Number of protein chains: 2
Amino acid sequence: MTQLRKALRPSTKALPEYTRGHNRSLVLQTLYRDGRRSRADIARETGLTRVTVSALVAELIAEGLLVELGQREETRPGKPATLLDLDRSAFVIVGLDLSEHSVFTGALLDLDGAISTRVEVELAGSTGDEALAKVVDLAEQLVAAATAPVLGIGVGSPGVVDLGGVVLSAPNLGWNGLPLQALLAERFGVPVVVANDANAAILAEHSFGGAASDAMLVKIGHGVGAGLLLGGTPLFGSRFAAGEIGHVVVGTDGGAVCACGKRGCLETWLSIPNLHARLDRPENADARERDVVLREAGERLGIALAPVVGALDLGEVILSGPTDLLDGALASATVETLRNRTMAEFHGSVTLRMTALGPDIVLRGAAVMVLSSRLGVS
Amino acid sequence: MTQLRKALRPSTKALPEYTRGHNRSLVLQTLYRDGRRSRADIARETGLTRVTVSALVAELIAEGLLVELGQREETRPGKPATLLDLDRSAFVIVGLDLSEHSVFTGALLDLDGAISTRVEVELAGSTGDEALAKVVDLAEQLVAAATAPVLGIGVGSPGVVDLGGVVLSAPNLGWNGLPLQALLAERFGVPVVVANDANAAILAEHSFGGAASDAMLVKIGHGVGAGLLLGGTPLFGSRFAAGEIGHVVVGTDGGAVCACGKRGCLETWLSIPNLHARLDRPENADARERDVVLREAGERLGIALAPVVGALDLGEVILSGPTDLLDGALASATVETLRNRTMAEFHGSVTLRMTALGPDIVLRGAAVMVLSSRLGVS
DNA sequence: CATGTTTGTTAGTAAAGCTTACGAACATAC
DNA sequence: GTATGTTCGTAAGCTTTACTAACAAACATG
């Protein structure tokens, strides 16, 4: 595990060994997507020669990442192929989801993103160092429970997180400039990746949920945030605050006063607490009124998203959050509004759906981040 | 499933010679940004060794791209350095701007993006093949006027343009699936790059106008379009229609009927013809009423941009179009609206300004596209 | 049983950037 | 005036990487 893929940044010199890293990831990616291939298969798919693939495979086997599965059963002319696959039990990934309002969730995941062990810690109102201690405790439990070497720790955190894994601002947790990635890396001695929860989520949806390469995931919970994938790459923004749409004002007809002081922020229409508050009013008791409330929230989301969908030419918008509230009147009002407010010829085919990954989306996204940074696969 | 496989398809293999290309561009970029450097200077700046730089420089001199300027005058110990620079007169670039309503503009530009010869062709209502013939004619004149080899032809076209330079749709010109890049490349035997006009414009603003790496340029003319730069890379979108915001509905209070059939499209508020129509009404004759109209248009732009600025965490928005209309009440209303409708902590520092490049912005953007694709500099 | 096919490996080549070393050309100290 | 140190650009040889060519092993098929 010494040699890892390094990003080939522009305005940085390129060395011959970067080529190797690239092709290494290419081999891993080929097997990751669909295992049980021979060296010759990989060569044909990647365009590399069998010789080069053999060398790379030998290296990866020595590192414990690949295993030979024995000969292919199929009966055809020629020397039988030796099938290879990622050793999907050789490593585990620790994923942490810090985005829930009252609980930190963690899990052990295999290289396919499947969850085995799962641990939770009640937040109980903790903030600052106390909350940090709970994160460390969670990671501690999971690392201890690991039955194989830990490939890395991935963390989906609320708030604004920079590229070095420093949580610049997470109001609910009282974190400001907390170098979470560095702290965990030092504490556990394994690679750590920390990113915004919605960014993690869109990565999971892309890798495991079939999302396109240009898509937006709107995460509706205690607050409202979004993760954007453009050309297959997550967007971070000029101040690492991309996707922070909760406090964008929607529409031109006022709205409720928001905690931030403005009127008509997206969160006042759409956050789960606000939605529940409105649904729990006596006058909204029956199903009909309930539907009106949800449709109105959905419309507002559509109004806010229309300029974004139009400007970015998004083909897909995905919702993550409580299905009982989102997946129905709300979602259909959103997609309807989106279509009415954008150009049909170009954006008419924008699709909107719930996440396919349910509440584990951030945990699995955290795993994707580790896979991507450590192996170059996704 | 097809989409999934496509999304997860690994990128292509890397060969050793790609390294060379990368480092070649690095040397060019270093000299392009700020010329008059020695081989040793370049080595220090890029991190490459003097040996490697010497080899690359020899190659580039042989190709006519670099020239030795003689020895450095400065007096300091050691062997005097031989200064190098891009041979900025060794090549010219042909830039074409097809985005104006009634005229096609073309120019010869040097490697610094400075314009020398300039040619115009009246469109006179031409569409389809007739319009295409005028493009070819324009290019023909410029290629004939070139006093040095043509590095390439860059074209900023209205409408939707794919990555291969096919104009998928340009309603005003009656083009649908016109392979403009291929046609011009075959006709003139030089590399051609065709892209959307607003995309070209944001590239120009980035290279020559000091725009940040995450910025949006809104081009207001006969229609309204935008170019987006995210992390220094232009955004194309899932259907190559990124930036097509003219027909996004703004606000929740109706608006004028648009040519597209909807009510309250951004263009109904902001396109120059519509603005003029409103300003020319008798009741809007005096300066005060004029201001109200412009402020209202600016507000609408702000309303439309707020979700985009928030979602993308843009630091900079740039306007391109007639200064007399845009740079005043309209712009200040836009920035005010933007700030009122996005989160101050994160987006409060969003800046809005007119382009620094005036009406030549698309021509210069076309040159940037050629420089970028041919030399890897920008 | 001969033939053809496929697999994976060995041997040698080309390209790229690196380190080490060196001559040339200069400033400065004595 | 000479010795010393510095800087520049180049030459020679090394390492890494992927490539081509060739081959033995193992299989199916006529």
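All heavy atoms count here, side chains included; hydrogens, waters and symmetry mates do not. Naming convention: chains lettered A, B, ... in sequence-line order (proteins, then strands); numbering from 1 in each chain. These numbers were taken from a predicted model, which means no experiment stands behind them.
Nucleotide dT17(D) holds its P atom 12 Å from the OH atom of Y18(A), rounded to whole Å. If you take CD of E17(B) and C1' of dA18(D), they are 9 Å apart, rounded to a whole angstrom. Rounded to an integer number of Å, the gap from R50(A) CZ to dC23(D) C1' is 11 Å. Note: CZ (R44(A)) to C1' (dG8(C)) measures 12 Å, nearest angstrom. Taking atom CD on E68(B) and atom C1' on dT10(D), their separation rounds to 13 Å, with Å as the unit. Atom CD1 in I42(A) sits roughly 13 Å away from atom C1' in dT7(C) (whole-Å rounding). With rounding to whole Å, K79(A) atom NZ is found 7 Å from dA26(D) atom C1'. The distance between atom CG of L56(A) and atom C1' of dG8(C), rounded to the nearest whole Å, is 14 Å.
Distance from the side chain of L15(B) is smallest for dC19(D) among the nucleotides dT9(C), dC19(D), dC18(C). Here the nucleotide nearest the side chain of P77(A), chosen from dC18(C), dA28(D), dG5(D), is dA28(D). The side chain of T52(B) sits closest to dG17(C) out of dG8(C), dT10(D), dG17(C). Closest approach to the V51(A) side chain among dT7(C), dG9(D), dT10(C) is made by dT10(C) (side chain taken as heavy atoms from C-beta onward). Listed candidates were dC26(C), dA22(D), dG9(D). Nearest to the side chain of T82(B) is dG9(D).
Between R76(B) and dC8(D) there is a side-chain polar atom (N or O) within less than 4.0 angstrom of OP1 or OP2. Residue S54(B) places at least one side-chain N or O closer than 4.0 Å to OP1 or OP2 of dT10(D). For N23(B) and dG17(C), the shortest distance from a side-chain N or O to OP1 or OP2 is below 4.0 Å. The phosphate of dC18(C) has OP1 or OP2 within less than 4.0 Å of a side-chain N or O from K13(A). Within the structure, a side-chain polar atom (N or O) of T49(B) is placed less than 4.0 Å from OP1 or OP2 of dC18(C). Remark: R24(B) is not in phosphate contact with dG17(C), judged by side-chain N or O atoms under 4.0 Å from OP1 or OP2. For dA18(D), the OP1/OP2 oxygens have a side-chain nitrogen or oxygen of R20(A) closer than 4.0 Å. Neither OP1 nor OP2 of dT6(C) sits under 4.0 Å from any side-chain N or O of S38(A).
For the pair V155(B)/V193(B), no side-chain contact is recorded, criterion being any heavy-atom separation below 4.5 Å from C-beta on. Using a 4.5 Å heavy-atom cutoff, the side chains of L312(A) and L230(A) are in contact. Side-chain contact check for L180(B) versus V166(B): every heavy-atom pair is 4.5 Å or farther apart.
When all heavy atoms of S25(A) and G376(A) are compared, the pair lying nearest together is OG-CA, 3.8 Å.
Take the nearest nucleotide of DNA chain D for Q71(A) and for P16(A): the residue whose nucleotide is more 5' is P16(A).
For R39(B) and dG9(D), a side-chain-to-base donor-acceptor distance below 3.5 Å is absent, hydrogens and geometry of angles not being considered.
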Quick one: do F240(B) and L168(B) satisfy side-chain contact (heavy atoms from CB on, under 4.5 Å)? Show the steps, please. CA-CA 9 Å; F240(B) 312 107; L168(B) 298 178; 3.8 Å; yes

Are R36(B) and D85(B) close enough, and set up right, to give a salt bridge (Lys or Arg N to Asp or Glu O under 4.0 Å), and what steps lead you there? CA-CA 5 Å; R36(B) 300 188 62 80; D85(B) 198 358; over 6 Å; no

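Among the atoms of the strands shown, none is found under 4.0 Å from any heavy atom of R72(A).
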